[in-house]
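One structure is given here, and the rest of the page talks about it.
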Amino acid sequence: MTTFYEAIQSIQPELVAQTQQVDLIESINRVLAIDIISNIDFPPFNKATMDGFAFRFEDDLPKRLKIQDVIYAGQETNIKTQKGYCVRIMTGAKVPDDCDSVVEFEAVIEKDGFIEFIKPPKKGSNIAYLGEDLKKNELVLKEGTLIQPNMINLLAQLGYKGVKVYRKLNIGVITTGDELVDIGEPKKPSSVVDTSRYSLIAQIRQFNQEAIDYGRILDDPKKIQHTLNNATLNCDIVIITGGSSFGDKDYTQEALNAIGAKILIRTIDMKPGRPTIIAKKDNCFIIGSPGNPVSTFSVFRLFVGNIISKMLKCKDFDVDFLKCKIDFDYKKKSDRMHFLPTKVAFCQDGYVAYKINYNGSGDFSALSKANAFLAIPKEVEIAKKGEMLEFFFI
Ligand SMILES: Nc1nc2c(c(=O)[nH]1)N[C@H]1C(S)=C(S)[C@@H](COP(=O)(O)OP(=O)(O)OC[C@H]3O[C@@H](n4cnc5c(N)ncnc54)[C@H](O)[C@@H]3O)O[C@H]1N2
Ligand code: MOO
């Protein structure tokens, strides 16, 4: 059997080369397709950071300075100041070339056109200097960056009304199972609501990729083959749920063989998700996920997230394993790596994972209470309260 890490290693997709130009605001949560290099120095001039008075600092600075002029933000100026003089200046305005300090209003007494320092001023105070934030030709955002709101000021200042990003990946969703019904459809006691189709589409949306819904398919080998083949022609990634195990009506493997996909991984030493299939047809990766909803959710997070991160050269889609202390004892066999839904909180000395009542991979109620999965290594049999383990946020 394959370990989780070997399964991740087996995923070596082609990079997506197609890009598109989107409006700045539409670029949020899209992956940058170019390096952004600054074409400016910023600030573009020495800028006052306080409302106050600009002056030239001297060792023998007079106690009082005469107010010579006033400068507002956005005003072009070539005021020359002389010894014994200062200029009234507002935050954001260009500091006159021959001034090197700004004293804020609150630190002076203003009277009869003069200021008097309440305490000795500091040389160089309250000025943001030309180019101190950003230098011309500096690499500011790297290709593969997931664009976030905190980067928008920078892009706007550099003149990007639109941004070149990688196209969204097309991710196909197929759910299979004779027992499945849609939300609100008449149910028999043995029916199961096709919750995973919604959950997968939600996960794809959370990653801001394109979800293509191929619907719910009965356990019919021909229909599964046909839908799978169709999906691989249009998608970068396809996730098909149910039927990845070894039961009489588990047709995913058979369908993958029939459409000429190459099966890279058949089972993985992990729980949930042991009967997970990873396959490839042309440039499309296919994940055959076990039908249990928590398996499907974690398999998507672990493997589809990894494929997206590799296809778009953007690490943010991949799980980020962090360390936490566990607040409970955990026992398992040493045959598989466990991914356990848990609630992680930041406490005094780091992250702590708290126990959630969990009855196995069908327990989507437990999943709804979790914000993370604990990763308990294959070889571990007992993890004691207080031990450190890895986890990732979902
Ligand atoms: N002989 C073996 N039997 C099983 C193995 C094994 O290795 N050898 N693995 C077990 C594990 S672990 C899992 S997980 C399941 C996975 O089986 P399938 O992928 O074939 O999934 P199903 O049997 O179709 O479904 C399992 C369970 O999940 C429900 N389900 C399915 N699809 C959905 C959906 N879209 N939304 C909500 N719920 C869904 C389904 O009704 C079943 O209850 O195999 C074990 N057996
Ligand atoms: O490994 Mo299964 O995926 O227990 O539910």
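As the structure is a prediction and not an experimental result, all values here were calculated from the model. Start at 1 and go down the list; that is how both ligands and their atoms are numbered. Starting from 1, each residue takes its place in the sequence as its number.
- One N or O on the side chain of Lys332 and one on the backbone of Val380 form a donor-acceptor pair closer than 3.5 Å.
- Here atom 39 (C) of ligand 1 lies nearest to Gly291 when heavy atoms of Gly362, Gly291, Gly288 are compared.
- The existence of a salt bridge linking Asp327 and Lys343 is excluded, since no basic side-chain nitrogen approaches an acidic carboxylate oxygen closer than 4.0 Å.
- At least one cation-pi condition fails for Arg301 and Phe339: the charged atom is not both under 6.0 angstrom from the six-membered ring centre and inside a 45 degree cone around its axis.
- If you run ring-ring contact (aromatic ring centres under 6.0 Å, His included) between Phe373 and each of Phe4, Phe392, Tyr358, Phe391, only Phe392 comes through.
- Interface atoms of ligand 1 facing Thr195, defined by a heavy-atom separation under 4.0 Å, are 36 (N), 37 (C).
- Taking every heavy atom of Val193 and a limit of under 4.0 angstrom, the matching atoms of ligand 1 come to 36 (N), 37 (C).
- No part of Lys271 comes within 4.0 Å of ligand 1, judged by heavy-atom distances.
- Put simply, part of Pro275 is less than 4.0 Å from ligand 1, judged by heavy atoms.
- Remark: distances from the non-hydrogen atoms of Thr267 to ligand 1 are all 4.0 Å or more.
- Listed by atom number, the atoms of ligand 1 under 4.0 Å from Thr175 heavy atoms are 35 (N).
- Checked by distance only, ligand 1 and Ser196 come closer than 3.5 Å through their nitrogen or oxygen atoms.
- Those atoms of ligand 1 that come under 4.0 Å of a heavy atom in Gly242, given as number and element, are 19 (O), 21 (O), 24 (O).
- Residue-ligand proximity, Pro290 to ligand 1, at heavy-atom distances under 4.0 Å covers atoms 14 (S), 16 (C), 19 (O).
- The environment of NZ in Lys280 is crowded: more than 12 heavy-atom neighbours from other residues, nucleotides or ligands sit within 6.0 Å.
- Below 4.0 Å from some heavy atom of Asp194 lie the following atoms of ligand 1, by number and element: 34 (C), 35 (N), 36 (N).
- Aromatic ring centres of Phe53 and Tyr85 lie farther apart than the 6.0 Å criterion allows.
- Close contacts of ligand 1 with Asp250, meaning ligand atoms under 4.0 Å from a residue heavy atom, involve 20 (O).
- Between Ser245, Gly177, Pro272, it is Ser245 that holds the heavy atom closest to atom 45 (C) of ligand 1.
- Between Arg274 and ligand 1, at least one pair of N/O atoms sits closer than 3.5 Å.
- Distances between N or O atoms of Ser244 and those of ligand 1 include at least one value under 3.5 Å.
- You'll find the ring centres of Phe55 and Phe117 inside the 6.0 Å limit.
- What you find for Leu374 and Cys324 is that their closest heavy atoms are CD1-SG, 3.5 Å.
- Remark: the backbone N or O of Ile268 is not paired with any side-chain donor or acceptor of Arg274 at under 3.5 angstrom.
- Relative to the six-membered ring of Phe114, Lys66 meets both conditions, a distance below 6.0 Å and an angle of at most 45° to the axis.
- The distance from ligand 1 to the heavy atoms of Gly243 drops below 4.0 Å at these ligand atoms: 18 (P), 19 (O), 20 (O), 21 (O), 24 (O).
- With respect to Ser334, the side-chain hydrogen bond (donor to acceptor under 3.5 Å, both in side chains) criterion is satisfied by exactly one of Glu379, Lys378, Glu381: Glu381.
- Remark: ligand 1 and Arg336 share no N or O pair separated by less than 3.5 Å (distance only, no angle test).
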